[in-house]
Amino acid sequence: MRIVDAEVLTESVAKLCWEACYYLPEDVLAGFRRAEKTEASPIGKSILQQLLENADEAKTNHMPYCHDTGMAVVFVEIGQDVHITGGNYLDSIQEGVRTGYREGYLRKSVVGDPLLRVNTGDNTPAVVHTDIVPGDQIKITVLPKGGGSENMSAMKFLLPGEGVEGVKKFVLQTIKEAGGKACPPVVVGVGIGGSFDKVTSLAKHAVLREIGVHHPDPHIAELEQELLEAINDTGIGPQGLGGTSTALWVPIETYACHITALPVAVNIQCHAARKKTIVI
């Protein structure tokens, strides 16, 4: 049994919050570079160059890449041989977000009641996903999720007979309706299967996968590539101003589902596809 103090979780989450907002992941930057080389639209190419310049400015000056520093979504994989002491697990995560957004000078974008709309002032509560896994380590990933792309995400129950073509149609429809409002070039996380709650979780987890890494199942990998090409053929382009680089990647996650259903969820991640991970 390994003992981990709750304060370690708080410190780790705090650091991840501002690092995720300051420094875009290398896979995202590589995606920008590839898109810039192939982009057919001069305006689209110019936008991609500006995104790269913006990322460099944010990294050099240690400031947020985007003013919308998002609602903090925290993914935690806790080894079953870990025992957390010195405080409550969830409280320590929330305190980490609170500290990170305050000390990192990040915009506070969370309202406590969805109808009364009063800002909590510290970007909490975060959304926390916890999985118990084998081992004695803790893996924490912070995903600052911007509002624009999140607002354009969608979920639908298809009839089983609609099959793969129905999935393609729904994903494309969602992207076309989003247009430039999701700040493309986007990462399109797709969940297929599970239940009402599971399929949206699948789509959210999908956006964590590194750009360019396919699903291990060949038929799902093929669908990822087909969707990527179809989305980029829409002509929406960078920032919705036209072009061939609407999406950087389309990762898909799947799960078993009921015989009567074919649930599909699309979680769009804007070009500011921020994420940061640490293993304790």
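From a predicted model like this one, the values you see are computed outputs, not experimental measurements.
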How close do [X] and [Y] get, counting heavy atoms only, and between which atoms?
X: Ala265; Y: Ala203; value: O-CB, 3.7 Å
X: Gly193; Y: Leu202; value: O-CD1, 3.9 Å
X: Leu262; Y: Val167; value: CD2-CG2, 4.3 Å
X: Ile280; Y: Arg2; value: O-NH1, 2.9 Å
X: Cys17; Y: Leu106; value: O-CD1, 3.8 Å
X: Leu115; Y: Asp113; value: N-OD1, 2.8 Å

Got a donor-acceptor contact below 3.5 angstrom from the [X] side chain to the [Y] backbone?
X: Tyr101; Y: Thr69; result: yes
X: Asn61; Y: Met63; result: no
X: Thr10; Y: Ser92; result: yes
X: Gln137; Y: Gly79; result: no
X: Thr200; Y: Asp197; result: yes
X: Asn232; Y: Ala247; result: yes
X: Thr234; Y: Ala230; result: no
X: Gln94; Y: Ala126; result: yes

Does NZ or CZ of Lys198 come closer than 6.0 Å to the centre of the six-membered ring of Tyr255, within 45° of the ring's axis?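 Yes, Lys198 and Tyr255 form such a contact.
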
Flag the pair [X] / [Y] as yes when at least one side-chain heavy-atom distance between them is below 4.5 Å, and no otherwise.
X: Leu143; Y: Leu208; result: yes
X: Val111; Y: Val118; result: no
X: Ser195; Y: Cys257; result: no
X: Asp68; Y: Ser109; result: yes
X: Val171; Y: Ile231; result: yes
X: Pro125; Y: Val110; result: yes
X: Val264; Y: Val190; result: yes

Does atom NZ of Lys108 have more than 12 heavy-atom neighbours from other groups under 6.0 Å away?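 Check passes, neighbour count above 12.
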
Under 6.0 Å from the CD1 atom of Ile278, do we count more than 12 heavy atoms belonging to anything else shown?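 Result for CD1/Ile278: enclosed.
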
hydrophobic_cluster_shared for [Y] and [X], side chain cutoff 4.5 Å:
X: Val279; Y: Val8; answer: no
X: Val127; Y: Val97; answer: no
X: Ile211; Y: Leu48; answer: yes
X: Val187; Y: Tyr65; answer: yes
X: Ile93; Y: Ile84; answer: yes

So, taking the atom named [atom1] in [X] and the one named [atom2] in [Y], what distance separates them when rounded to the nearest 0.5 Å?
X: Thr277; Y: Glu77; atom1: OG1; atom2: CD; value: 9.0 Å
X: Leu16; Y: Arg274; atom1: CG; atom2: CZ; value: 14.0 Å
X: Ile192; Y: Thr254; atom1: CD1; atom2: OG1; value: 7.0 Å
X: Ile47; Y: Glu36; atom1: CD1; atom2: CD; value: 12.0 Å
X: Ser245; Y: Ile236; atom1: OG; atom2: CD1; value: 12.0 Å
X: Cys21; Y: Lys275; atom1: SG; atom2: NZ; value: 13.5 Å

Decide, yes or no, whether a salt bridge links Lys15 with Glu103 under the criterion of side-chain N to carboxylate O below 4.0 Å.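 A salt bridge is absent here (no side-chain N lies under 4.0 Å from a carboxylate O).
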
Got a salt bridge between Glu95 and Arg98, using NZ or NE/NH1/NH2 to carboxylate O under 4.0 Å?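 Counted as a salt bridge, because a side-chain N and a carboxylate O are separated by less than 4.0 Å.
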
Aromatic plane relationship, His62 with Tyr22 - under 30° parallel, 30 to 60° tilted, over 60° perpendicular: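 Geometry flag for His62 against Tyr22: tilted rings.
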
Distance-only polar pair, side chains of Tyr89 and Thr130, donor-acceptor under 3.5 Å: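 Indeed, the side chains of Tyr89 and Thr130 share at least one donor-acceptor pair under 3.5 Å.
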
Using distance alone, with no hydrogens and no angle criterion, decide if Gln173 and Glu177 have a side-chain donor and acceptor under 3.5 Å apart.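 Glu177 and Gln173 do have a side-chain donor-acceptor pair below 3.5 Å.
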
Is there a side chain to side chain contact (heavy atoms under 4.5 Å, CB included) between Ile140 and Val13 once you walk through the steps? CA-CA 7 Å; Ile140 306 174; Val13 170; 4.1 Å; yes

Result block: side-chain N/O donor-acceptor pairs under 3.5 angstrom for residues 219-226, not counting sequence neighbours:
| residue | atom | partner | partner atom | Å |
| --- | --- | --- | --- | --- |
| Glu224 | OE1 | His214 | ND1 | 2.8 |
| Glu224 | OE1 | His215 | N | 3.0 |
| Glu224 | OE2 | Arg209 | NH1 | 2.7 |
| Glu224 | OE2 | Arg209 | NH2 | 3.3 |
| Glu224 | OE2 | Ile252 | N | 2.9 |
| Gln225 | NE2 | Glu229 | OE2 | 3.2 |
| Glu226 | OE1 | Lys168 | NZ | 2.7 |

Might you work through the side chain to side chain contact (heavy atoms under 4.5 Å, CB included) test for Leu227 and Val188, ending with a clear yes or no? CA-CA 9 Å; Leu227 281 170; Val188 185; over 6 Å; no

Assess whether side chain to side chain contact (heavy atoms under 4.5 Å, CB included) is satisfied between Phe32 and His271, documenting all intermediate values. CA-CA 9 Å; Phe32 288 169; His271 71 269; 4.0 Å; yes

Under 3.5 Å, sequence neighbours excluded: what are the donor-acceptor pairs made by side chains of residues 148-158?
| residue | atom | partner | partner atom | Å |
| --- | --- | --- | --- | --- |
| Ser149 | OG | Lys145 | NZ | 3.0 |
| Ser149 | OG | Ile268 | O | 3.3 |
| Ser149 | OG | Cys270 | N | 3.4 |
| Glu150 | OE1 | Lys145 | NZ | 2.9 |
| Glu150 | OE1 | Lys204 | NZ | 3.0 |
| Glu150 | OE1 | Asn267 | ND2 | 3.0 |
| Glu150 | OE2 | Lys204 | NZ | 2.6 |
| Asn151 | ND2 | Gly147 | O | 3.1 |
| Ser153 | OG | Ser149 | O | 3.4 |
| Ser153 | OG | Glu150 | O | 3.4 |
| Ser153 | OG | Asn267 | ND2 | 3.1 |
| Ser153 | OG | Ile268 | N | 3.0 |

Would you sort out whether Gln239 and Cys183 count as a side chain to side chain contact (heavy atoms under 4.5 Å, CB included), showing the intermediate values? CA-CA 5 Å; Gln239 294 301 292; Cys183 289; 3.9 Å; yes

So, applying side-chain contact (heavy atoms from CB on, under 4.5 Å) with His129, which one of Val73, Val74, Val76 is it?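 Passing option: Val73.
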
For Thr120, side chain to side chain donor-acceptor pair (under 3.5 Å) partners two or more places apart: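 Applying side chain to side chain donor-acceptor pair (under 3.5 Å) to Thr120 gives Asp122.
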
